[in-house]
Number of protein chains: 4
Amino acid sequence: MPGPNAARRNERSRRAILTAALELLAETSYPDLTVEAIAARAGVGKQTIYRWWRGKGGVILEALVDATDADGEPRLPDTGDLGADLRTVLRAIVAEFADPRLSATTRALTIETLADDTLAAQVRDQILRPQLDAVKVRLRAGQDAGQVRTDVDLDQVVELLVGPVYHRWLLRTGPLTDDYADGLVALALAATSPPERPG
Amino acid sequence: MPGPNAARRNERSRRAILTAALELLAETSYPDLTVEAIAARAGVGKQTIYRWWRGKGGVILEALVDATDADGEPRLPDTGDLGADLRTVLRAIVAEFADPRLSATTRALTIETLADDTLAAQVRDQILRPQLDAVKVRLRAGQDAGQVRTDVDLDQVVELLVGPVYHRWLLRTGPLTDDYADGLVALALAATSPPERPG
Amino acid sequence: MPGPNAARRNERSRRAILTAALELLAETSYPDLTVEAIAARAGVGKQTIYRWWRGKGGVILEALVDATDADGEPRLPDTGDLGADLRTVLRAIVAEFADPRLSATTRALTIETLADDTLAAQVRDQILRPQLDAVKVRLRAGQDAGQVRTDVDLDQVVELLVGPVYHRWLLRTGPLTDDYADGLVALALAATSPPERPG
Amino acid sequence: MPGPNAARRNERSRRAILTAALELLAETSYPDLTVEAIAARAGVGKQTIYRWWRGKGGVILEALVDATDADGEPRLPDTGDLGADLRTVLRAIVAEFADPRLSATTRALTIETLADDTLAAQVRDQILRPQLDAVKVRLRAGQDAGQVRTDVDLDQVVELLVGPVYHRWLLRTGPLTDDYADGLVALALAATSPPERPG
DNA sequence: AACTAAACGAGACGGTACGTCGAGTCTTCAG
DNA sequence: CTGAAGACTCGACGTACCGTCTCGTTTAGTT
């Protein structure tokens, strides 16, 4: 995307920068994370960072995208039991937010996102959307199987599941546990289960 | 709370600082808001800010608390129609997040909150909790009136309403409209309405 | 000289301030000596210092004048042996400059003097002049006794004795010893002894 | 001497800083001279000053050394007439101290010198010593020519000439004129002329 | 295999803001 | 109604990073 000739890019430096950034993020808070420190830790000139990224936000984003891509396309299990499948994925999400190590990058990106619309769009499209869509796909399968009403907006249902977790994590209004995840799934299913068919 | 003798505090300076902070926040992004600028705008020495607050985060918090307190105890309407009442409040919340002016302070506090647990707790208890509790009170009234199942955790229901809005606002995954608010209320009601009583 | 009614002045505070100033001067370098510290040490409000003095320079001056006055009018010995008397006084001066404790105040006043003409005049007239004049008086007695030429400016001779000491002390160009003092006296006497009277 | 790589140093910035410092010193008193003002006047970041100097004292020192070096090795005239030569140089020294513009830097360095031993040593060795030595050289020539006694310490004689000037300048005890300079030379010569040779 | 141009490490640069310190002034309150 | 205590405005301090800008030095990809 940027001006310089990407073909000549030093992959070793790129990896060192991403690694250093994640390491430092695990050691300090995000506002205390500096481009200078990343460059020093990576054994790299500052210019090499600014040549390829717009700042620390971009570096963190790419680090996270890299990590996510390694997992391949996210795909939810489909055991036929919609509730069980949703519980599985929501428990995983809750666990990720509860883990201070894993949530450090999320926290970092959230901060940067609040002030930088460009970055926000990238985070949304490259990281968040695929994960939300995976849930949505599973819900659609539930619709097809008659377990979910057909007159609901599936995007909204996804947010009904994920939004409260995000809210609770950011604002620390309560514990992030498996029970909490299960409760959310129960509520979401209750909200979207089709009306009883009269005999 | 801090060291200096609060009795000798200059109320004029305090007000000038809070006002200046809110003004500047409306003019620039939060990361561009500096203590130096607040002091200059307020016609106050920087030391007077650092004497009473720990940084710009604390100032914004107090400014917002002040503004909130002025409104008095938040109290939801109770017209007897639970759905209508919830739509009213959720539309208000959505409108607030959609208004760039109003959401600037919220955005600012959210950023600071992500890196400062002390501040996070203050925001939660002094600003957020009262608002959430107001919704909760209305829901409990709904429970008493038999409009809401008695076996649900009302805190969780509140989050079911507010969490998705917060999620959508922060991550910009969709528009914040009245329709969206109404849809959330419909889902929440469907999730919590008591089972049909057989005739 | 100052505005406030001197009659109402609190002598206890005045003494406490002067004492605190001298104590602190012995503990830290002069630029590190602050009005704030003096006030704190003396158990006095800052205003009480600014009410009666123009700053730390004035305080130090008064402290030194006070100390000097206690010694009464300086008077050089007159044993009839001009050389011996001058050696006595010059050795004392050299010793005072060589003593780090005693020279701290002198150093402090000199600094302040360099930037404040008013203070410089006070130092000159209240502290320095009496000391120089005492030497001058002894030299005049020498003149009367025919030991000193009558065609020399005695002020200049005094400076001939004291100037080099001051120079050496300030610029640290050599040791300040009794031998050095004696050498200066010898040179000064040689410069001012009357011509041989032909038999 | 400092940490950073001197080879990469920007000579333009260095010159701008020294020039700005001298300009500002001519405009304000030394205590009112701030690093911030020097940086602003020089169009330079403050860090660039602190990177290469320890503070304003060091800057002034280097500015003065630079100016002095430009003059090359100081060398006193030797016309054969010792008295005339000494009068020439002492009149020059007196004139320099009497000139408010020229004495501003001297005054500044003296202040800093009083509180910083490291700087004092630099001033002594790099600025003062060469000037004093030049006088000493001329005196030694006088000794060789039989105009000065061989049993006097020439360093002491130099101080006999310069010390009183310094003293009078600092303490403002009298005017700094050519007559004063001539009088000092006369006294010094009288103090050091060899005894009459009996015919 | 030498040439050339870009990316690289290093780090100095002009800046901005930080959080602290002290100056000198102004206000409050106890004796 | 003085004077201690100390909060106030102001402005400089010295530091930390920002993002830009040279410097030589690798390191590719031509020629």
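Each chain gets a letter, A, B and so on, in the order its sequence line appears, and its residues count up from 1. As a basis for the values below, the full set of heavy atoms in this structure was taken, side chains included, without hydrogen atoms, waters or symmetry mates.
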Between atom [atom1] in [X] and atom [atom2] in [N], what is the gap in whole Å?
X: B/Lys56; N: E/dT16; atom1: NZ; atom2: P; value: 17 Å
X: A/Gln47; N: F/dC18; atom1: CD; atom2: P; value: 13 Å
X: B/Asn5; N: F/dA4; atom1: CG; atom2: C1'; value: 13 Å
X: C/Tyr50; N: F/dG6; atom1: OH; atom2: P; value: 17 Å
X: D/Leu24; N: F/dA12; atom1: CG; atom2: C1'; value: 14 Å
X: D/Arg9; N: F/dC21; atom1: CZ; atom2: C1'; value: 18 Å
X: D/Arg14; N: E/dA12; atom1: CZ; atom2: C1'; value: 16 Å
X: C/Ile38; N: F/dA4; atom1: CD1; atom2: C1'; value: 17 Å

Check every atom of [options] against the side chain of [X] and return the nucleotide holding the closest atom.
X: D/Pro4; options: E/dC8, E/dA12, E/dT20; answer: E/dA12
X: A/Arg8; options: E/dG22, F/dA28, E/dA12; answer: F/dA28
X: D/Arg51; options: E/dA6, E/dA10, E/dC13; answer: E/dC13
X: B/Thr48; options: F/dT9, E/dT25, E/dG9; answer: F/dT9
X: B/Glu36; options: E/dC13, F/dC21, E/dA17; answer: E/dA17

Open item on the list: Please compare B/Gly45 and C/Gly45 by the position of their nearest nucleotide in DNA chain F and report the one closer to 5'.
Closed with: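 Result of the comparison: C/Gly45.
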Task: Residue pair A/Ala63 / A/Leu18: nearest heavy atoms and the distance that separates them - done: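 The answer is N-CD2, 3.8 Å.
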Task: Contact under 4.0 Å: A/Trp52 side-chain N or O vs E/dC8 OP1/OP2 - done: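 For E/dC8, OP1/OP2 do have a side-chain N/O of A/Trp52 under 4.0 Å.
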Open item on the list: So, does D/Ser13 get its side chain near the phosphate of E/dA12, meaning an N or O under 4.0 Å from OP1 or OP2?
Closed with: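 The answer is no; no side-chain N or O of D/Ser13 sits under 4.0 Å from OP1 or OP2.
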Task: Check: D/Asp66 and D/Arg15 side chains under 4.5 Å, non-hydrogen atoms - done: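 Answer yes - side chains close enough.
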Task: A/Val123 side chain near A/Glu112 side chain, heavy-atom distance below 4.5 Å - done: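 Result no, sub-4.5 Å side-chain heavy-atom pair not found.
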Open item on the list: Does the structure place the NZ or CZ of A/Arg9 under 6.0 Å from the centre of the six-membered ring of A/Trp52, at an angle of no more than 45° from the ring's axis?
Closed with: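 A/Arg9 over A/Trp52 ring: yes.
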Open item on the list: I want to confirm an ordering. Mapping D/Gly43 and B/Leu33 to their closest nucleotides on DNA chain E, which one lands closer to the 5' end?
Closed with: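 Upstream on the strand: D/Gly43.
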- [ ] For B/Thr34 and for C/Lys46, locate the closest nucleotide of DNA chain E by heavy-atom distance; then report the residue assigned to the nucleotide nearer the 5' terminus.
- [x]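 By nearest-heavy-atom nucleotide position, the 5'-most residue is B/Thr34.
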Open item on the list: Between A/Ile127 and A/Leu61, does the side chain to side chain contact (heavy atoms under 4.5 Å, CB included) criterion hold? Intermediate values first, please.
Closed with: CA-CA 9 Å; A/Ile127 297 189; A/Leu61 169 63; 3.9 Å; yes
